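For reference, the structure is listed below as structure tokens.
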Protein chains: 2
Amino acid sequence: MPKALILVADGSEEIEFVTPYDVLTRAGFDVVSVGVGLKENYAHMSRNIRIVPDYPTLLSLPHQTAHAYYDILILPGGAPGAKTFSTTNAVLELVDNFRKEGKWVAAICAGTTALVASQKKLGGEKARVTSHPSVREQVEKEGGWEYSEERVVVDEAKKVVTSRGPGTALGFALGIVELLGGKEGRVEVGNAMVLAETL
Amino acid sequence: MPKALILVADGSEEIEFVTPYDVLTRAGFDVVSVGVGLKENYAHMSRNIRIVPDYPTLLSLPHQTAHAYYDILILPGGAPGAKTFSTTNAVLELVDNFRKEGKWVAAICAGTTALVASQKKLGGEKARVTSHPSVREQVEKEGGWEYSEERVVVDEAKKVVTSRGPGTALGFALGIVELLGGKEGRVEVGNAMVLAETL
């Protein structure tokens, strides 16, 4: 089954972290979370929930060439967490490595700014993306990113999936299930969760 | 602002725990989580996320007459977590105390079974409710509960709010915001989250 790596920092948005982790696990993915710059052994999330990641730091990951092992890297939003990602060289390099290896990178809400920061520093192709409306300007001012207001944006050629906010987290997660695990997996997982008509 | 108490056990469903906690915090509620029967200092949730509650046990809560202090008690689903709630006398009494005090009780997914278990053991009025479809029979076999298939069911007279699964968690949480914090709060919080048309 596909393997997903999800980053988490202090100030990451809990719904945007938990929803892909939960939904991908339901779909049979091998999901691993890793802390970035945590002050404690848990992430103090944006609305005060405390989450203990599977690995406390990037250096503690058993697969040091993560881009070779995992199929997708997922960046949750939450402004403070996304800022940590965007200003941590190891994260910018991780994003770049996934992209160079032809693996997927997924970002939701302010998480898109970390994708943009990686491209700005280390290069790579700009893609069709979305983000939380509050950071749209920050994305567009870099130029070259094709901005969409769709709830979930998949750029198949660039292998980038992006989404907008906590209210889009289920659609984002199920979009990833469909991309890497197929349409049937999406339907099966979705039915058990009692989905709304729109996501 | 309203005060909410959310229970969490090993095997609780992470989306159903995190979504009300996050959304109510966004709406300015004072939200506190408390562990029930945890094996570690964190809850090992249903899809392997580890969450550290604000208080590790009911006995460690600063307000021992919780039903007097909090305005609403929230029971997330996840079959193993809901079973722990349903078989822990302190939880059944907590539910009963909230109901006798005229406070709200909210349950999502399998969480509804803990509400039913409390009523069965300690009495109180049966209400109009929903649950995850997989535990509908368990609810209906007790008789007297008016079962609905709506995504979020509010029984204003009995002060019971129930919902169906992780896919209904946002509607459940925003329904609680509206009930205790007003329609405007719901709209304001919802807009920032980039909601779908249906919840």
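In this text, all values refer to a predicted model and were calculated from it rather than measured experimentally. Basis for what follows: all heavy atoms, side chains included, without hydrogens, waters or symmetry-related copies.
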Value rounded to 0.5 Å, distance of [atom1] in [X] from [atom2] in [Y]:
X	Y	atom1	atom2	result
A/Leu24	B/Arg47	CG	CZ	12.5 Å
B/Asp54	A/Asn48	CG	CG	7.5 Å
B/Leu199	A/Leu199	CG	CG	10.0 Å

Identify whether [X] and [Y] are in the same connected component of the hydrophobic contact network (ILVMFWY, side-chain heavy atoms under 4.5 Å).
X	Y	value
B/Tyr69	B/Leu73	yes
A/Val154	A/Val189	yes
A/Phe85	A/Phe98	yes
B/Val105	B/Leu61	yes
A/Leu180	A/Val152	yes

Are there more than 12 heavy atoms of other residues, nucleotides or ligands under 6.0 Å from atom [atom1] of [X]?
X	atom1	answer
A/Glu101	CD	yes
B/Glu184	CD	no
B/Glu125	CD	no
A/Glu140	CD	yes
A/Lys83	NZ	no

Min side-chain heavy-atom separation [X]-[Y] under 4.5 Å:
X	Y	result
A/Ile51	B/Tyr42	no
A/Val18	B/Met45	no
A/Val194	B/Pro166	no
A/Val52	B/Val52	yes

Is it the side chain or the backbone of [X] that comes within 4.5 Å of chain B heavy atoms, both, or neither?
X	answer
A/Ile49	both
A/Ala169	neither
A/Arg151	side chain

| said: Taking every non-hydrogen pair under 4.5 Å, which of B/Arg26, B/Glu197, B/His132 racks up the most with chain A? | reply: B/Arg26
| Judged by atom type as modelled, is there a donor-acceptor pair below 3.5 Å linking the side chain of A/Thr198 to the main-chain atoms of B/Thr198? | yes
| said: Under a 4.5 Å cutoff for heavy-atom pairs, which residue among A/Thr25, A/Leu170, A/Thr168 has the most contacts with chain B? | reply: A/Thr25
| field | CA sep, side-chain torsions, deciding dist, call: B/Ile15, A/Met193, side-chain contact (heavy atoms from CB on, under 4.5 Å) | value | CA-CA 10 Å; B/Ile15 292 175; A/Met193 297 178 79; 3.7 Å; yes
| query | Does any heavy atom of chain A fall under 4.5 Å from the side chain of B/Pro53, the backbone, both, or neither of them? | reply | backbone
